[in-house]
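Position 1 is the first residue of the sequence; numbering continues from there.
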Amino acid sequence: MTGNWDFYAISVDDKPASIFVDLGIELRAPLDTLPYLAYVKLFMNTPRSDGLSSSDEFDILVEIEAAIEKQLCGEFVEYVGRNTSGGCREFYFYVASPAGWGDKVAQVIAPFLGYRFETGFRDDPDWSFYQHFLRPNPIERQRIENRRVCEALERHGDKLVSAREIDHWCYFPDVASADAFLADVEALGFQLRRKALLDDGPSRHGLQVFRIDVPSESEIDAVTLPIYEAALRHGGEYDGWECRVEA
């Protein structure tokens, strides 16, 4: 496990779901020594009406997860993420060998009386389940980064209620792409702060644009995603945002 975990909300089988995933391990995935995907499917006792976890069950679920991590994980077992949906919490691992997996899980869950569970495993040497289900897509990754910036502002005393200039950075392979992007976002009310030409790299032409917005968790996605999509549409990349702290 790495120290870079985060969560995001999606829909799984037309049901609301919450994914909690190790983002840091993607830099090393797949690990050749851990070619099997194994799982523990825990049936929650008091889920919410929408199938997600309830506050009533929060503490015991944290305790179960801590036991699973402590007793199952190690050199030959890597915990990579979980999915909460449909009244269940499923924990996912990559393991060197699935031998005895069910018995090991049963020993961990046994002290938690009243909880039903299922286990299983399958070959997945390419870590396709991690790559295509657990790992967030680019849009969800941007939402995660947005939330992280908001949380950093809050740690510095920002209440996230005041509108202020928010700067955004994007990079493009050529001037024509950068200019086409700028025309698109200016129509959305953004203004050019400056242009920058990097020394090297495929995306050398940088633009810094800004607009007055509120950097709150409830509003920032609607601010950044149109810029993100415009950059992608013109062959560029969106490189994030920042603003001054207003306590």
Side-chain angles (χ1 to χ4, degrees), residues 1-11 16-29 52 80-84 130-131 133-173 177-178 181-182 184-198 201-247:
M1 292 175 59
T2 73
N4 184 12
W5 284 69
D6 219 315
F7 67 90
Y8 64 100
I10 59 171
S11 178
S18 176
I19 303 291
F20 186 55
V21 60
D22 188 345
L23 298 173
I25 203 170
E26 69 179 331
L27 298 176
R28 297 189 288 129
L52 298 178
V80 295
R82 71 172 194 240
N83 169 39
T84 305
Y130 174 84
Q131 304 283 8
F133 179 74
L134 288 175
R135 191 175 65 168
N137 64 34
I139 292 292
E140 296 301 343
R141 178 62 65 89
Q142 184 58 52
R143 293 180 189 275
I144 289 172
E145 295 304 324
N146 288 344
R147 187 177 68 248
R148 287 179 170 184
V149 177
C150 288
E151 290 170 350
L153 289 170
E154 286 184 306
R155 287 195 295 271
H156 286 86
D158 201 314
K159 303 301 182 182
L160 306 182
V161 295
S162 300
R164 82 285 308 255
E165 291 184 356
I166 300 179
D167 286 284
H168 308 262
W169 283 263
C170 297
Y171 296 91
F172 300 88
S177 299
F181 161 83
L182 183 58
D184 278 4
V185 299
E186 283 180 336
L188 299 175
F190 293 93
Q191 300 177 57
L192 177 65
R193 177 84 72 189
R194 70 184 184 99
K195 295 182 178 181
L197 183 62
L198 306 183
S203 298
R204 299 179 59 218
H205 298 270
L207 293 180
Q208 181 180 352
V209 299
F210 72 95
R211 193 177 73 180
I212 296 176
D213 288 292
V214 178
S216 67
E217 289 192 33
S218 62
E219 298 182 39
I220 195 62
D221 290 345
V223 174
T224 62
L225 294 184
I227 308 179
Y228 174 94
E229 292 167 350
L232 191 65
R233 188 164 58 248
H234 294 290
E237 58 184 85
Y238 179 69
D239 196 37
W241 61 276
E242 72 174 18
C243 63
R244 68 178 181 272
V245 174
E246 293 196 359

Exercise. Could I get the full list of salt bridge (charged side-chain N to carboxylate O under 4.0 Å, His left out) partners for Glu237, not counting sequence neighbours?
Key: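 By the salt bridge (charged side-chain N to carboxylate O under 4.0 Å, His left out) rule, Glu237 matches no residue at all.
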Exercise. Applying salt bridge (charged side-chain N to carboxylate O under 4.0 Å, His left out), name anything that partners Glu229, two or more places apart in sequence or on another chain.
Key: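 Applying salt bridge (charged side-chain N to carboxylate O under 4.0 Å, His left out) to Glu229 gives none.
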Quiz item: Given Ile220 and Trp241, is the side-chain contact (heavy atoms from CB on, under 4.5 Å) satisfied, shown in steps?
Solution: CA-CA 10 Å; Ile220 195 62; Trp241 61 276; 3.5 Å; yes
Can you see which heavy atom on [X] is nearest to which on [Y], and at what distance?
| X | Y | answer |
| --- | --- | --- |
| Phe172 | Leu207 | CE1-CD1, 4.1 Å |
| Pro136 | Val21 | CD-CG1, 4.1 Å |
| Ile166 | Val214 | CD1-C, 4.3 Å |
| Asn83 | Ala17 | OD1-CB, 3.5 Å |
| Glu140 | Asn137 | N-OD1, 2.8 Å |
| Asp221 | Pro226 | O-CD, 4.0 Å |

Quiz item: To the nearest 0.5 Å, what is the distance between CD1 (Ile10) and CG (Leu134)?
Solution: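 Answer for the CD1-CG pair, Ile10 versus Leu134, is 8.5 Å.
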Practice problem: Give the ring-plane orientation class for Phe181 versus His234, where under 30° counts as parallel, over 60° as perpendicular and anything between as tilted. | Solution: perpendicular
Exercise. Could you tell me how the ring of Trp5 sits relative to the ring of Phe20: parallel (under 30°), tilted (30 to 60°) or perpendicular (over 60°)?
Key: tilted
Keeping [X] on the side-chain end and [Y] on the backbone end, is there a donor-acceptor pair under 3.5 Å?
| X | Y | value |
| --- | --- | --- |
| Arg143 | Tyr8 | no |
| Tyr238 | His168 | no |
| Asp22 | Thr2 | yes |
| Arg135 | Tyr130 | no |

Practice problem: Evaluate salt bridge (Lys or Arg N to Asp or Glu O under 4.0 Å) for Arg148 paired with Glu145, printing each intermediate quantity in order. | Solution: CA-CA 5 Å; Arg148 287 179 170 184; Glu145 295 304 324; 3.7 Å; yes
Self-check item: Residues forming a ring-ring contact (aromatic ring centres under 6.0 Å, His included) with Phe7, sequence neighbours excluded
Solution: none
Exercise. Just jot down the side chain to side chain donor-acceptor pair (under 3.5 Å) partners of Gln142, sequence neighbours excluded, or say none.
Key: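 So Gln142 forms a side chain to side chain donor-acceptor pair (under 3.5 Å) with Asn146.
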Exercise. Output all residues satisfying side chain to side chain donor-acceptor pair (under 3.5 Å) with Ser218, sequence neighbours left out; order by chain, then residue number.
Key: Ser216
Tell me which donor-acceptor pairs under 3.5 Å the side chains of residues 188-196 have, and how far apart each pair is, sequence neighbours excluded?
residue : atom : partner : partner atom : Å
Arg193  : NE   : Asp167  : OD1          : 2.9
Arg193  : NH1  : Glu165  : OE1          : 3.3
Arg193  : NH2  : Glu165  : OE1          : 2.7
Arg193  : NH2  : Asp167  : OD1          : 3.2
Arg193  : NH2  : Asp167  : OD2          : 3.3
Arg194  : NE   : Gln208  : OE1          : 2.9

Quiz item: For Ile227 and Cys170, what are the C-alpha separation, side-chain angles and deciding distance, and is it a side-chain contact (heavy atoms from CB on, under 4.5 Å)?
Solution: CA-CA 9 Å; Ile227 308 179; Cys170 297; 3.8 Å; yes
Exercise. Check the pair Cys243 / Val149 against side-chain contact (heavy atoms from CB on, under 4.5 Å), numbers first and verdict last.
Key: CA-CA 9 Å; Cys243 63; Val149 177; over 6 Å; no
Quiz item: Passes side-chain contact (heavy atoms from CB on, under 4.5 Å), Asp213 versus Glu219? Steps please.
Solution: CA-CA 9 Å; Asp213 288 292; Glu219 298 182 39; over 6 Å; no
